[in-house]
Asker: 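Pasting a structure here, questions to come.
We name chains A, B, ... by the order of the sequence lines, and we start the count at 1 in each one.
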Protein chains: 2
Amino acid sequence: MDSQQFHRISKALADPRRYEILSRIAKCRELACSDVRGEIPITAATLSHHIKELVNAGLVEMRREGQFAHMRLRRKVWREYLSQLGKL
Amino acid sequence: MDSQQFHRISKALADPRRYEILSRIAKCRELACSDVRGEIPITAATLSHHIKELVNAGLVEMRREGQFAHMRLRRKVWREYLSQLGKL
DNA sequence: AGTCTAGTTAGATGATTATCGAATTATCGA
DNA sequence: TCGATAATTCGATAATCATCTAACTAGACT
């Protein structure tokens, strides 16, 4: 993991709401945006923004199926991030 | 570790420069502010600000000795943070 | 006392960013 | 085709935050 990605992930985790979203994604094998909106109060626009940050950081990948966007945690990246942090 | 501290730590790690400072503190048993300033280009005010965030997050503790402020990583807190992240 | 060094605080500025409403695209069902 | 649902994009706003300069406190040394 290069330092750019490392810092992107750190920033992505820094917002409590975004962390909450990530946390919900992590709990399922897959989760759709609409599911998230059913669980926490957030506008579609804001959610879309946060998802973009998570995808950008490489933490989350998306699979499109019809109207739905299914999100998944990239566990390998997550493990790499934790391992990097562990070196501190 | 309560969620407030958890989020404070996440935010503290989100700034690359602050992470760099933390990283240098972690590498030594103790480090003074002036040492940091000798290693990276940063004004005293900015450094003081970052240190305050790290202390506030509970990641770093300070020991004052004469003119010097010696900083130490609180490894127990760090471990707790990693453990919390690991639950994701 | 006077000076130097270490660090803090206050206030300002500029950049980043979280958030929302509105408009838009795309897909599904009737 | 029409309406409903899912998600994205755009533009604006407000809040947060990193950074600096300048002024300050306090300790060490002469």
Side-chain angles (χ1 to χ4, degrees), chain A residues 3-25 28-74, chain B residues 3-25 28-74:
Chain A
S3 92
Q4 191 189 25
Q5 183 172 23
F6 178 77
H7 289 306
R8 260 203 273 248
I9 294 178
S10 296
K11 281 193 182 184
L13 301 180
D15 182 71
R17 235 166 150 191
R18 193 158 47 217
Y19 182 80
E20 169 71 21
I21 294 165
L22 179 65
S23 180
R24 284 173 192 275
I25 293 174
C28 309
R29 208 175 54 79
E30 273 195 340
L31 197 64
C33 293
S34 51
D35 295 331
V36 177
R37 292 198 60 207
E39 295 174 1
I40 68 181
I42 189 173
T43 67
T46 300
L47 176 59
S48 204
H49 161 70
H50 285 314
I51 298 292
K52 196 196 285 182
E53 295 295 311
L54 292 171
V55 169
N56 242 264
L59 272 181
V60 162
E61 62 185 351
M62 293 202 32
R63 181 178 63 88
R64 251 159 225 295
E65 189 181 323
Q67 352 171 224
F68 298 95
H70 298 280
M71 299 173 291
R72 241 196 347 258
L73 173 64
R74 296 180 65 191
Chain B
S3 92
Q4 191 188 28
Q5 181 172 25
F6 178 77
H7 289 306
R8 259 204 273 250
I9 293 178
S10 296
K11 282 194 182 184
L13 300 180
D15 183 71
R17 237 168 146 190
R18 194 158 47 217
Y19 183 80
E20 168 71 22
I21 293 166
L22 179 65
S23 180
R24 285 173 190 275
I25 293 175
C28 310
R29 209 175 52 80
E30 275 196 340
L31 197 65
C33 293
S34 51
D35 294 331
V36 177
R37 293 199 59 207
E39 294 174 2
I40 68 182
I42 191 174
T43 66
T46 300
L47 177 58
S48 203
H49 161 70
H50 285 313
I51 299 293
K52 195 196 285 182
E53 294 296 310
L54 292 171
V55 170
N56 244 265
L59 273 180
V60 161
E61 63 184 350
M62 295 205 30
R63 182 177 62 87
R64 251 158 224 297
E65 187 182 322
Q67 350 171 227
F68 298 95
H70 298 280
M71 299 171 293
R72 241 197 344 259
L73 174 65
R74 297 180 65 190

Asker: Show your reasoning for whether side-chain contact (heavy atoms from CB on, under 4.5 Å) applies to Leu59(B) and Leu13(B).
Answerer: CA-CA 10 Å; Leu59(B) 273 180; Leu13(B) 300 180; 4.1 Å; yes
Asker: Give a yes or no on whether the backbone of Ala12(B) and the side-chain of Arg18(B) come within a donor-acceptor separation of less than 3.5 Å.
Answerer: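 Yes; at least one donor-acceptor contact below 3.5 Å.
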Asker: Given Ile42(A) and His50(A), is the side-chain contact (heavy atoms from CB on, under 4.5 Å) satisfied, shown in steps?
Answerer: CA-CA 11 Å; Ile42(A) 189 173; His50(A) 285 314; 4.1 Å; yes
Asker: Stem ranges for DNA chain C, with three or more consecutive Watson-Crick or G-U pairs under 3.5 Å?
Answerer: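 Stem list for DNA chain C: C:1-30 with D:1-30.
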Asker: What protein N or O atoms touch nucleotides 1-7 of chain D N or O atoms at under 3.5 angstrom, if any, and at what distances?
Answerer:
residue: dT5(D); atom: O2; partner: Gln67(A); partner atom: NE2; Å: 3.2
residue: dA6(D); atom: O3'; partner: Gln67(A); partner atom: O; Å: 3.0
residue: dA7(D); atom: OP1; partner: Cys33(A); partner atom: N; Å: 3.4
residue: dA7(D); atom: OP1; partner: Ala69(A); partner atom: N; Å: 2.9
residue: dA7(D); atom: OP2; partner: Ser34(A); partner atom: N; Å: 2.5
residue: dA7(D); atom: OP2; partner: Ser34(A); partner atom: OG; Å: 3.3

Asker: Specify the separation, in whole Å, of atom CE of Met71(A) and atom C1' of dT8(D).
Answerer: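 Taking atom C1' of dT8(D) as the reference, CE of Met71(A) is at 13 Å.
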Asker: Within the 4.0 Å heavy-atom criterion, would you say His50(B) contacts the bases, only the backbone, or no part of the nucleic acid?
Answerer: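 Touches sugar-phosphate only.
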Asker: Holding to salt bridge (Lys or Arg N to Asp or Glu O under 4.0 Å), I want the full list of residues that pass it with Arg72(B), two or more places apart in sequence or in another chain.
Answerer: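 Per chain and number, Arg72(B) pairs via salt bridge (Lys or Arg N to Asp or Glu O under 4.0 Å) with Glu30(B), Glu61(B).
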Asker: Both Glu65(B) and Arg18(B) contact DNA chain D. Which one's nearest nucleotide lies toward the 5' end?
Answerer: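 That would be Arg18(B).
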Asker: Could you state the CD1-C1' distance from Ile21(B) to dA18(D), rounded to the nearest angstrom?
Answerer: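 In whole Å, dA18(D) C1' lies 11 Å from Ile21(B) CD1.
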Asker: Yes or no on side-chain contact (heavy atoms from CB on, under 4.5 Å) for Ile40(B) and Leu47(B), after CA distance, side-chain angles and deciding distance?
Answerer: CA-CA 10 Å; Ile40(B) 68 182; Leu47(B) 177 58; over 6 Å; no
Asker: Check this one for me: any side-chain N or O of Lys11(A) less than 4.0 Å away from OP1 or OP2 of dT16(C)?
Answerer: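 No.
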Asker: Mind jotting down which residue pairs meet the salt bridge (charged side-chain N to carboxylate O under 4.0 Å, His left out) criterion with at least one end in residues 35-55 of chain B? Sequence neighbours excluded, please.
Answerer: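 Listed by first then second residue: Arg24(B)-Glu39(B).
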Asker: If you find the nucleotide of DNA chain C closest to Glu53(A) and the one closest to Gly66(A), which residue's nucleotide is nearer the 5' end?
Answerer: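 Looking at the nearest nucleotide for each, Glu53(A) comes out on the 5' side.
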Asker: Could you tell me which non-hydrogen atom of Ala57(A) sits nearest to which non-hydrogen atom of Ile9(A), and how far apart they are?
Answerer: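 Distance-wise, the nearest heavy atoms are O-CG1, 3.6 Å.
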Asker: Over how many whole Å does the gap from His49(B) atom NE2 to dT16(D) atom C1' extend?
Answerer: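 Going from NE2 in His49(B) over to C1' in dT16(D) covers 10 Å.
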Asker: CG of Leu54(B) versus C1' of dA18(D): gap in Å, rounded?
Answerer: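 Taking atom C1' of dA18(D) as the reference, CG of Leu54(B) is at 13 Å.
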Asker: Checking Arg17(B) now: which residues fulfil salt bridge (Lys or Arg N to Asp or Glu O under 4.0 Å) with it, not counting sequence neighbours?
Answerer: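 Arg17(B): no salt bridge (Lys or Arg N to Asp or Glu O under 4.0 Å) contacts found.
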Asker: How close do Lys11(A) and Pro16(B) get, counting heavy atoms only, and between which atoms?
Answerer: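 For Lys11(A) and Pro16(B), the tightest heavy-atom pair comes out as CE-CD, 4.5 Å.
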Asker: Polar-atom pairs under 3.5 Å, protein N or O versus N or O of nucleotides 20-22 of chain C: list them with distances, or write none.
Answerer:
residue: dC20(C); atom: OP2; partner: Thr43(A); partner atom: OG1; Å: 3.3
residue: dC20(C); atom: OP2; partner: Thr46(A); partner atom: OG1; Å: 2.8

Asker: Just how far, in rounded Å, is C1' of dT9(D) from CG of Leu47(A)?
Answerer: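 Interatomic distance, CG of Leu47(A) to C1' of dT9(D): 14 Å.
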Asker: Measure across Arg74(B) and Gly58(B) and return the closest heavy-atom pair with its distance rounded to 0.1 Å.
Answerer: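 Minimum heavy-atom separation between Arg74(B) and Gly58(B): CD-O, 3.3 Å.
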Asker: Would you mind reading off the distance between Leu22(A) atom CG and dA18(C) atom P, rounded to a whole angstrom?
Answerer: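 In whole Å, dA18(C) P and Leu22(A) CG are 14 Å from each other.
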Asker: Give me the atom names and distance for the closest heavy-atom approach of Met71(B) to Ala32(B).
Answerer: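 Result for this residue pair: CE-C, 4.0 Å.
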